[in-house]
Amino acid sequence: MTEAVMPEYRAMISGDIEDYSSRNAGEQAVLQTALADLLDTAAREAGIERPRWWRQVSGDGEFSVLTEPASVLDLADSFVRELDVALAVYNRRQYGDNWTRVRLRVALHVGPVLPAGPMGRPGPHAVQVNRLVDAPAAREAMRVCPAADLAVIVSDRVFDDYLSQGYGHPRPVRFRPVTVQGKKQRFLAYLYLPNADVHELRELDVYDPPADEPSPTREDGDGPRPPKPFGAARDVIMGDQNRVRNGSVYQARGDMHFGTGHSGR
């Protein structure tokens, strides 16, 4: 009798370059190199051993399973923060004839996954994280926030079991619940933009919680307020007004503003 193969509980990440197909061949080649470098840099700065990840690459993205015991908090906190900083630095440089801006959608999930098969990782959790990275809500968030370099969408399991419990960052209030329709399933997920208030985006497919389920609330009340940038460095684009050191961005003077001079082409 064949021995059953048991799944292993692992953190998963799926990343995809926004608007990759509209770029020409030279730009796509540069984007692929940039994506690999950006992921390597973010993992290294976050203290995560990326060479130990199981990785399945495509032309415009990567699906990875962490091979050590689940470290979803490291992904959601340190890795996302360092990836956001690395993107800001890369997008400021604009070097080479085929340089083009990198904007990423990243999905995080955790659950039992089977060992890799001939064509990849089988199982519903591997499917789910790849459905999340293609979520219309994440794509729409990038469209209506042209200054954003990164959109992060996490599964309800990541949010409920880790982020909403107060472990690490980002704080739960920074996420917005959204629905993601798969081919045969509908998922609840939570969307986060490191440098924008995702609650201000009116066009997204919002999850409507039951009456007895508390909704995410803002620390400063629920009244209307203008959109504003958050957190780590959107604009290293501000030149010498900001400086980057050891993976963090420091604002030397003035207010941070979103720049819209660059497009994904």
Side-chain angles (χ1 to χ4, degrees), residues 11-16 18-19 72-73 75-81 83-84 87-88 103-111 128-182 185-234 256-258 260 264:
M12 290 160 272
I13 178 171
S14 185
D16 194 81
E18 182 75 8
D19 200 28
V72 67
L73 287 176
L75 287 176
D77 189 339
S78 302
F79 179 81
V80 164
R81 182 173 62 251
L83 181 59
D84 187 44
L87 280 163
R103 304 179 76 210
L104 295 179
R105 302 185 315 278
V106 169
L108 306 179
H109 184 42
V110 63
Q128 181 175 345
V129 70
N130 286 293
R131 294 284 184 263
L132 295 185
V133 79
D134 283 330
R139 292 180 181 274
E140 182 65 9
M142 297 295 275
R143 187 189 69 81
V144 300
C145 292
D149 291 334
L150 180 63
V152 180
I153 186 166
V154 305
S155 67
D156 56 346
R157 181 171 293 191
V158 169
F159 186 83
D160 292 342
D161 293 348
Y162 296 92
L163 298 173
S164 70
Q165 301 305 312
Y167 305 127
H169 293 87
R171 299 187 66 183
V173 72
R174 299 289 306 280
F175 290 84
R176 177 173 175 171
V178 297
T179 51
V180 180
Q181 182 64 54
Q185 292 177 293
R186 188 171 175 86
F187 303 108
L188 169 62
Y190 291 82
L191 182 65
Y192 162 64
L193 269 64
N195 298 284
D197 184 349
V198 73
H199 297 285
E200 299 290 342
L201 308 181
R202 304 301 181 190
E203 296 90 345
L204 302 186
D205 180 15
V206 180
Y207 170 69
D208 188 12
D212 59 350
E213 178 181 329
S215 299
T217 56
R218 302 176 189 169
E219 296 173 288
D220 56 352
D222 295 325
R225 60 179 177 177
K228 61 182 180 181
F230 275 101
R234 190 55 352 193
M256 283 188 176
H257 301 281
F258 282 156
T260 56

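Judged by distance alone, with hydrogens and angles left aside, the side-chain atoms of Glu140 form no donor-acceptor pair with the main-chain N or O of Val144 at under 3.5 Å. Using modelled atom types, no side-chain atom of Arg103 and backbone atom of Leu150 make a donor-acceptor pair closer than 3.5 Å.
From Asp149, atom CG reaches atom CG of Asn195 across 8.0 Å, with rounding to the nearest 0.5 Å. To the nearest 0.5 angstrom, Arg81 atom CZ is 8.5 Å from His169 atom NE2. With values rounded to the nearest 0.5 angstrom, Phe79 atom CZ is found 14.5 Å from Leu73 atom CG. Note that OG of Ser164 is 13.0 Å distant from CZ of Arg171, once rounded to the nearest 0.5 Å. We find the CZ-NE2 distance between Arg176 and His199 to be 7.5 Å, quoted to the nearest 0.5 Å. The distance from atom CG of Leu108 to atom CG of Leu163, rounded to the nearest 0.5 Å, is 8.5 Å.
The shortest non-hydrogen separation linking Leu191 to Ala137 is CD2-O, 3.8 Å. For the pair Ala107 and Val129, the tightest heavy-atom approach, listed with the atom from each and the gap, is CB-O, 3.5 Å. Closest heavy-atom contact between Leu75 and Ala11: CD1-CB, 4.0 Å. Counting all heavy atoms, side chain and backbone alike, Ser155 lies closest to His109 at OG-ND1, 2.7 Å. Taking every heavy atom of both residues into account, Asp134 and Arg105 meet most closely at OD1-NH2, 3.2 Å. Closest non-hydrogen pair, Gln165 versus Asp160, comes out as NE2-O, 3.0 Å.
When side chains are defined from C-beta on, Cys145 counts as touching Leu193, because their heavy atoms get closer than 4.5 Å. Within the 4.5 Å cutoff, side-chain heavy atoms of Leu104 are placed close to those of Leu83. Contact of the Leu132 side chain with the Phe187 side chain is registered, since non-hydrogen atoms from C-beta on lie closer than 4.5 Å.
Taking a cutoff of 4.0 Å between a charged side-chain nitrogen and a carboxylate oxygen, Asp197 and Arg174 do not qualify as a salt bridge.
Using a 30° and 60° split on the angle between ring planes, Phe159 and Tyr190 fall in the parallel class, below 30°.
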